[in-house]
Amino acid sequence: MTFNNSSRMLIYLCALTSLLPFIIFSIYGFLINADIYGKIDSLLFCVYYFISLIFIARLSKTIFSSYIFASFFLIFALSKASHEYFLFYDTYISFDHLTLFKEFVLALKNFSSWWTFVAITFTVIIVVSLHIYVISELKKPSLINSIVISAFLLLATLPFYNFHTERYLIAQVSHSSENPSYNYSFENPIMFFIRSFPWNKSTTIHKENAKRSTLARALKKNMLNKLPESYQPNNYASLLLEYPGYQTQSATLNPLQNAPKTSNIEVESLTNKNILIVLLESFRSYEFDSNEMVGKNLKRIAKKSIVFDKAYSIARATIKSEQAILCSSVDTNLKTPYSVNQGKYAGKCLPEILKSRGYNTTWFHGNTKDFYNRAVFHPSIGFDNIFSKDEIQKVDGYEINDIGWGIPDPYIYQFALNNLEKAKRPFFAEILTVSSHQPFNWDYGNFKFPPLINSHSDDIYKNYLKALYYADDALGQFWNAFISSSLKDNTIVIFTGDHGVPFYHHEELSELEKSNILFKVPLMIYHPDIEPSNNSFQSSHLDIAPTLLSLLGISESNSFLGRPTLGEFKNLARRPVFHMNRDGYAFRIGETNCVPKMAQCASNELCYKDERFMCDLEKESDIMQIQQSSKLMEYMKLLTEANYTDS
C-alpha cells in the first residue's frame, strides 16, 4: 500500500477534518460530562467520520466540499438539538424521535443562539478555504488504499463499539434501574442516535413489541374474543377504583369500560353550563407555594375556587397532558406522543361526549396547530373549532410581535373571551397558553417586572420565574375580564398546569423530591355556585374529565381511567397516579412514591425496591399495588397501540 504525496495530504486533511466534531462536543459539554466509555465513543464517531471522508474524497471535489459542509452542519444541528432536549427530558434524541422532525424544525427558532451563527459561519469559511486552497490541488486516494485503511480502523474499533452496545442494551432493558451509575449524560449524543436505529435493538424487546403490535391490530379489527390472560383485569384489579353510578365491563375486551347504571341525574344548578379549561404552560405548584413574588393572580383565583392541593400531571409533554385531561387516558409512548405516531384517537373523550350533547367545542392556542399534529388529533377527540396562530392571523389580523413560541398570552386570552361571548349554545373550550414555554429567555418588550424578578441572566431557573410572572400577570388580566363578562355566571372554569419543568432552585434534592416538584401542578375549579374549599386528597389530570361529567350530571359510557372528585359520582379513595417519563414511569398512590431510579428512600423504615422502582412506602400493603402497576401499564401500552379503541 503506497501513497503519493498528494493523496497522502488528502488523507491527512480527512483526518484533521474528522476531528472537528470534537469542537462541537466540547461546546456543549459532551466530553466533560461523559465517562470513559462516552469519551471513547466520541473518538469512535470521529473515526467513522474519517472513514466516510476518505470514500467521499474519491468522488468529485465539489461533492467532497459539499459533504464536509453538510455533515458538519448536521453534526452541529443534532448536537444542539440533543443538548436542548437533554436539558428538559434528561435523555438524547433517538431514532424513534424522527417522527418529531417537523416539531424539531418548528422549535428550532426558539432555541437558536449566537452559537448557531458562529458555527454556520465557521463551517462556511473552512469549507470554502479548503476547496479553494487545498482540495482542488490534491489527488484522490486509490480505492484499494481507502478500503485497507477503513478495514483496519473498523477492526480496531469494533470491540469498543460492541462493548458499549452491550452496556447500552442492558440499561435499556432494565430502564436504568439496575445500574445506578448509568446516566444518559455519559453518552455521546451522535453515537446514541446511531445506536438507537432498529437494527441495534434487543431481540427480546423486538419480539415483545411485535407480539403486542399483532394483538393491537387484532383488537382494532375486532378479531378477538378475549384478551390474553396477562392483560386480564384481575392482574391489576386493586388499581381500578369503583366508579359510582357506573358498572365496569371487566368481562369484555376493554377492562376500563364504564357503563352508566342510570340515565342523567338531576343537578339543575350546573346542567348545561359552559366549560372552560385554562391550561397553563409549564406551571407547577412548587413556585406558587414557595415564592411570594410569583403567582399572585393564581392565588387570587384560588380564593374563589375549589383547590386540589395534591394534584399531579402524568406527563412531561403538553399534548400528553391534554390527552390525560380530555380523554382520561395515558399515552404510554415514552419518546414520541400518540398524536404524532398514530394521529387520530378512536376512543371517547370529553369534547366528543359534550359535542353529542349539543355543546360547541373550541380550542385556542398561540402556536401552530401543526405542532404535535393537533390539526389531526384534536378534531378526532371532538373539537369542532380550532383557533391556533394561523387561524387567528386570518380572522383577527394579528400583527403584534410573538413572545417565544407564539401569540402572547394576553392576546390569546382576549381573543378567546371575545369569541366565547358570542357563543349561542353551551360551549366546551380549552385555552392553552404559550408565553411561559422553555427556554424562558424571551423578549417581553415593555412589560414591567419587579426588581427581584427582572434579572437579565443565563440562569434558566431565574428565567423560568420571570416567565411565570409574565404568564401570571396575563392570567390576572384574563380573570378581570372574565368576571366582568356575560360568561361568569354560567361557566365552570378549570385552571391547571400542563406539566412541570426539570429546573430547580437548587440541585441538592433527592430523586423523590425532584419527581414530586416536577409533576405536582396547580388545579382549581371555579363556578359562583360552587363553595370555595381546599381538598388535600391526591388527584391527577386523569380525574378532570370524569369530574366535569359528574358536575354536569351527565352519565355516558366511557373508558376513563380517572374517577370523579366532585359531584354525584365522586370517589375520593386513594388512586394510582402514573408519571410517564423517558425511562418508563414513576408511580404513586397516597403517600407511597416510586421512581425508576436507584436512590435513597426518604424514610429508612418503609422502603421497597424491585427491578423497576425504588419506593418510599406509606404502608406495606401498597406493595401489591406497586407490583400490579406494571400489569396495568402493559395493558395501557396495548390500548395505546390499538388507538384506544372502545371494544
Side-chain angles (χ1 to χ4, degrees), residues 243 245-246 254 256-260 263-265 267 270-279 318-319 321-329 331 338-339 342-365 369 372-388 391-392 395 415-432 487 490-494 496 525 527 541-562 564 567-569 643-647:
Y243 199 150
Y246 288 76
N254 184 359
L256 301 184
Q257 190 173 55
N258 307 301
S263 58
N264 293 350
I265 60 171
V267 188
L270 297 181
T271 300
N272 293 326
K273 296 298 183 185
N274 302 317
I275 299 291
L276 174 60
I277 294 178
V278 179
L279 190 55
T318 303
I319 187 64
S321 294
E322 286 186 280
Q323 181 180 318
I325 291 168
L326 301 171
C327 305
S328 191
S329 65
D331 181 352
Y338 172 87
S339 64
Q342 284 105 318
K344 293 184 177 181
Y345 191 96
K348 192 182 290 184
C349 298
L350 181 62
E352 181 66 35
I353 292 172
L354 294 181
K355 184 169 72 170
S356 70
R357 302 295 178 116
Y359 276 66
N360 186 3
T361 55
T362 308
W363 181 78
F364 302 93
H365 185 41
K369 65 179 179 296
Y372 284 144
N373 200 28
R374 288 185 174 98
V376 174
F377 179 77
H378 276 45
S380 77
I381 64 173
F383 281 111
D384 277 335
N385 308 300
I386 303 290
F387 287 104
S388 66
E391 288 75 25
I392 293 171
V395 172
F415 178 86
L417 201 57
N418 291 342
N419 182 284
L420 295 174
E421 280 197 288
K422 299 173 185 176
K424 296 181 180 179
R425 53 193 171 102
F427 64 76
F428 172 83
E430 176 195 338
I431 300 174
L432 172 58
L487 302 176
N490 65 338
T491 304
I492 301 171
V493 190
I494 299 88
T496 188
I525 298 178
H527 186 271
H541 280 163
L542 294 172
D543 300 319
I544 292 177
T547 295
L548 290 174
L549 287 185
S550 180
L551 286 175
L552 293 172
I554 294 176
S555 295
E556 180 84 24
S557 63
N558 62 67
S559 297
F560 294 163
L561 188 60
E568 184 73 14
F569 298 141
N643 292 38
Y644 302 94
T645 183
D646 286 322
S647 300

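Listed here is the closest heavy atom pair of L354 and F428: CD1-CD1, 3.5 Å. N490 and H527 get closest at one heavy-atom pair: CA-NE2, 4.2 Å. Annotation for F569 and I554: closest pair CE1-O, 4.4 Å, computed over non-hydrogen atoms. The two residues N254 and T645 make their nearest non-hydrogen contact at ND2-O, 4.4 Å. Residues G382 and K355 share a closest heavy-atom pair of O-CD, 3.7 Å. Here the closest heavy-atom approach between residue I325 and residue I277 is recorded as CG2-CD1, 3.9 Å.
Taking 4.5 Å as the limit, every side-chain heavy atom of I544 sits out of range of all side-chain heavy atoms of L350. When side chains are defined from C-beta on, L420 counts as touching L276, because their heavy atoms get closer than 4.5 Å. Between P351 and L326, some side-chain heavy-atom pair lies under the 4.5 Å cut-off.
For the ring-ring contact (aromatic ring centres under 6.0 Å, His included) test, residues two or more places apart in sequence or in another chain that qualify with H365 are W363. Under the ring-ring contact (aromatic ring centres under 6.0 Å, His included) criterion, F415 pairs with F387, not counting sequence neighbours. Among residues two or more places apart in sequence or in another chain, the ring-ring contact (aromatic ring centres under 6.0 Å, His included) test is passed with Y243 by Y246. Partners of N385 by side chain to side chain donor-acceptor pair (under 3.5 Å), not counting sequence neighbours, listed by chain and number: N360, T362. Taking the side chain to side chain donor-acceptor pair (under 3.5 Å) definition, one finds that T496 meets it with H541, sequence neighbours left out. With sequence neighbours excluded, no residue forms a side chain to side chain donor-acceptor pair (under 3.5 Å) with S328.
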Residues F377, E322; criterion side-chain contact (heavy atoms from CB on, under 4.5 Å); working and verdict
CA-CA 11 Å; F377 179 77; E322 286 186 280; 5.7 Å; no

Show your working on side-chain contact (heavy atoms from CB on, under 4.5 Å) between I381 and E352 and close with a plain yes or no.
CA-CA 6 Å; I381 64 173; E352 181 66 35; over 6 Å; no

Please assess I319 against H378 for the test side-chain contact (heavy atoms from CB on, under 4.5 Å), listing each intermediate value before the final yes or no.
CA-CA 10 Å; I319 187 64; H378 276 45; 3.7 Å; yes

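One side chain, S329 or Q323, offers a donor N or O that lies under 3.5 Å from an acceptor on the other. Counted by atom type alone, T318 and Y372 present zero donor-acceptor pairs between their side chains at under 3.5 Å.
Rounded to the nearest 0.5 Å, atoms CG (D331) and OG (S321) are 10.0 Å apart. Atom-to-atom distance recorded for L552:CG and K273:NZ is 10.0 Å, nearest 0.5 angstrom.
Aromatic ring orientation, Y345 versus Y338: perpendicular (interplanar angle above 60°, classes split at 30° and 60°).
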